[in-house]
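Take a look at the structure below.
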Amino acid sequence: MIRKSGDKRRQPAVWRRCRTLRSLKQMHALMVVRGFLSDASSLRELLFSSSVSVAGAVTYALQLFDQIPHPDLFMWNTVIRGASHWTPSAAISLFSRMERAGVRPDNITFPFLLRACTKLSESFLGSQFHAKITKSGLESDSFVRNALINMHASCGDLAAASALFDGPARHDVVAWSAMIAGYARRGELSVARQLFEEMPSKDLISCNIMITAYAKQGEMAMARQLFDQVPVKDVVSWNAMIAGYVHCSEHRRALEVFEQMHLAGEQPDEVTMLSLLSSCADAGVMDVGRRIHGSLMEMCSRGGFSIRLSNALIDLYAKCGSIERAIEIFVGMREKDLSTWNSIIGGLAVHGHFRDSINIFENMIGMKWRPDEITFVGVLVACSHGGMVEEGKRYFYLMQNKYGIEPNVKHYGCMVDLLGRAGLLEEAFEFIDHMKIEPNRIIWRALLGSCRIHGNVRLAERANEELLRMRNHASGDYVLLSNVYASRGEWCRAEQVRKLMDDRGVIKEIGSTLLDTDGKNFNFMPKRKPGLRINVAA
DNA sequence: CACTCCCGGA
């Protein structure tokens with residue numbers, strides 16, 4: 001694998017074969033030793049490997065790039081390309097540096113920059129690039145035009161996308177696909193479908209886009225039909241189906257598709273495994289999750305898991321209640337990202353390890369990590385479930401005033417829960433009155449739940465009125481109110497509420513749990529003990 | 001030299 005002679009002309013093919021950070025570093029070291037670092041073509045290839053061929057080596061690429069005194073256009077394009085994929089905002093700042101260095105972007109640069117805008121949903125920035133492109137006359141380049149169509153369509157500006165699409169230039173399969181994806185993203189499935197049918201020639205990618213469009217709308221029968229029609233599928237087609245089933249909680253079907261994928265000889269990739277892990281986490285099937293974890297260990301026997309896979313494993317174990325295993329993964333990670341912290345903080349919080357959750361949060365802060373809104377959901381859940389009223393209030397304040405995060409409905413819900421559980425029902429009501437956003441039914445239900453715990457009929461009625469005002473006939477609300485009366489021994493009124501439920505046709509759903517049994521079959525209904533009746537709306 | 005459209009998400 002490593003070249004033996006110093007034949008420079010053979011290098012490119014070798015460089016591009018660098019697939020791991022390790023081999024990349026070996027190459028780099030070799031270049032330093034043999035004095036190739038001043039050779040522009042060797043540098044280009046090393047930069048190419050670290051930006052494009054090796055996943056997650058962008059940081060390395062950027063460091064390398066910073067040491068090059070006068071990078072040429074190819075080098076700028078290469079490093080922007082790598083950044084646009086992994087750290088899109090870095091791609092944008094690289095472009096500013098490029099302009100300042102007096103290097104003019106070309107028809108290769110702009111597609112990368114537009115991809116970065118697309119990933120960041122930066123339509124304003126994208127339009128600025130559009131203006132630059134028009135001025136430089138590059139709009140006629142089909143790659144640039146397609147990247148523009150995609151950027152506008154992805155950012156929801158379908159008028160701008162259509163203007164290019166319907167323009168004088170011929171549009172190819174990529175332009176069609178970008179338009180279809182744009183309509184699908186907006187939820188306009190029928191338009192997407194119509195375009196797909198009008199399309200003169202379809203390729204695998206356009207089919208994958210349409211399969212995804214159906215799957216995201218929960219139209220799994222349509223997705224399946226199209227999927228079955230595609231003669232040669234790729235890993236994306238399979239992943240789209242698996243993700244679709246996961247999305248609508250058809251966990252068993254997701255696993256079936258995975259099985260079929262295996263039989264078809266398609267190799268799963270990281271996305272496949274991430275979908276499966278989140279499926280197991282949602283369904284609470286730990287033993288399947290563990291088996292996937294086992295397969296992963298075989299697949300990545302050396303070098304450990306990516307951050308994302310590790311995060312998914314933390315989430316899996318935390319949601320399945322095996323907090324020890326979640327912590328084990330967490331501790332074993334060499335590199336962490338914000339989701340890692342969020343997963344473990346949230347996981348500990350919902351499983352009753354309130355103090356540990358808060359301690360890890362404090363650790364995180366001590367290590368100069370910047371928490372986001374999801375971190376604070378975990379922290380506030382820990383406080384409310386742990387009855388830590390003062391801490392909860394302090395963190396709620398900290399979130400807004402130190403980190404500039406506007407509370408969302410989940411944060412408010414946690415606070416209402418926090419106050420309510422602690423019996424501060426009046427304060428909770430007052431808190432809801434002062435919320436900056438419209439309280440939803442989750443908020444009122446949280447309060448109603450607290451009223452039930454503390455047996456406060458007066459406030460429970462008020463909370464229920466608010467719920468009714470939302471014309472929400474969900475059974476849980478009535479059940480809770482009925483329970484409030486019942487807990488106070490007011491059986492007649494409890495009965496009245498139940499009767500009201502019947503009159504309004506409210507049906508209490510049968511509780512169902514996804515239970516794993518022998519590791520092969522799944523039950524989608526709870527196991528019933530003989531002689532035990534499942535109550536339905538009574 | 002290369003580039004544009006698809007798969008997950010605490």
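Heavy-atom basis, side chains included; hydrogens, waters and symmetry copies ignored. Proteins get letters first, then strands, A, B, ... in listed order; numbering begins at 1 in each.
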Point to revise | Members of residues 227-246 of chain A that approach DNA chain B, where some heavy atom sits under 4.0 Å away | key: A:V236, A:N239, A:A243

Closest listed nucleotide, where the reference is the side chain of [X] and the choices are [options]:
| X | options | result |
| --- | --- | --- |
| A:R44 | B:dC6, B:dC3, B:dC1 | B:dC1 |
| A:R115 | B:dT4, B:dC1, B:dA2 | B:dT4 |
| A:N342 | B:dC1, B:dC5, B:dA10 | B:dA10 |
| A:I209 | B:dG9, B:dC5, B:dA10 | B:dC5 |
| A:I205 | B:dT4, B:dA2, B:dC5 | B:dC5 |
| A:A178 | B:dC5, B:dC3, B:dA10 | B:dC5 |

Pick base, sugar-phosphate or nothing for [X], based on heavy-atom distances below 4.0 Å to the nucleic acid.
| X | value |
| --- | --- |
| A:K216 | sugar-phosphate |
| A:S339 | base |
| A:I374 | base |
| A:N107 | base |

I need the [atom1]-[atom2] distance between [X] and [N], as an integer number of Å.
| X | N | atom1 | atom2 | value |
| --- | --- | --- | --- | --- |
| A:F112 | B:dC1 | CZ | C1' | 11 Å |
| A:D203 | B:dC6 | CG | P | 11 Å |
| A:N146 | B:dA2 | CG | C1' | 16 Å |
| A:M75 | B:dA2 | CE | P | 16 Å |
| A:F110 | B:dA2 | CZ | P | 20 Å |
| A:L276 | B:dG9 | CG | P | 11 Å |
| A:R370 | B:dA10 | CZ | P | 21 Å |
| A:F48 | B:dC3 | CZ | C1' | 11 Å |

**Study point:** Verify stack between A:F74 ring and B:dC1 base, 5.5 Å, 30 degrees
**Key:**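 Stacked: ring centres under 5.5 Å, planes under 30°.
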
Practice item. Indicate whether A:F143 forms a stack on B:dC3; treat it as stacked only if centroid distance is below 5.5 angstrom and interplanar angle below 30 degrees. Key: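 Taking the rule of under 5.5 Å and under 30°, the ring of A:F143 does stack on B:dC3.
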
Is it true that [X] and [Y] make a salt bridge, defined as a side-chain N closer than 4.0 Å to a carboxylate O?
| X | Y | value |
| --- | --- | --- |
| A:D228 | A:K233 | no |
| A:D141 | A:R145 | no |
| A:E197 | A:K202 | no |
| A:R193 | A:E219 | no |

Does [X] make a side-chain N or O approach to OP1 or OP2 of [N] shorter than 4.0 Å?
| X | N | result |
| --- | --- | --- |
| A:N150 | B:dC5 | yes |
| A:R145 | B:dT4 | no |
| A:R81 | B:dC3 | yes |

Practice item. Classify the ring geometry between A:F376 and A:Y403 as parallel (under 30°), tilted (30 to 60°) or perpendicular (over 60°). Key: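 If you compare the ring of A:F376 with that of A:Y403, the planes turn out tilted.
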
Review point. How are the rings of A:H130 and A:H152 set relative to one another: parallel (under 30°), tilted (30 to 60°) or perpendicular (over 60°)?
Key: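 Tilted: the ring planes of A:H130 and A:H152 meet at 30° to 60°.
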
Practice item. For residues 312-338 of chain A, pull every pair meeting ring pair (Phe, Tyr, Trp, His ring centres under 6.0 Å), keeping only residues two or more places apart or in separate chains. Key: A:H293-A:Y317, A:F330-A:W341

Point to revise | CD (A:Q267) with more than 12 external heavy atoms under 6.0 Å | key: no

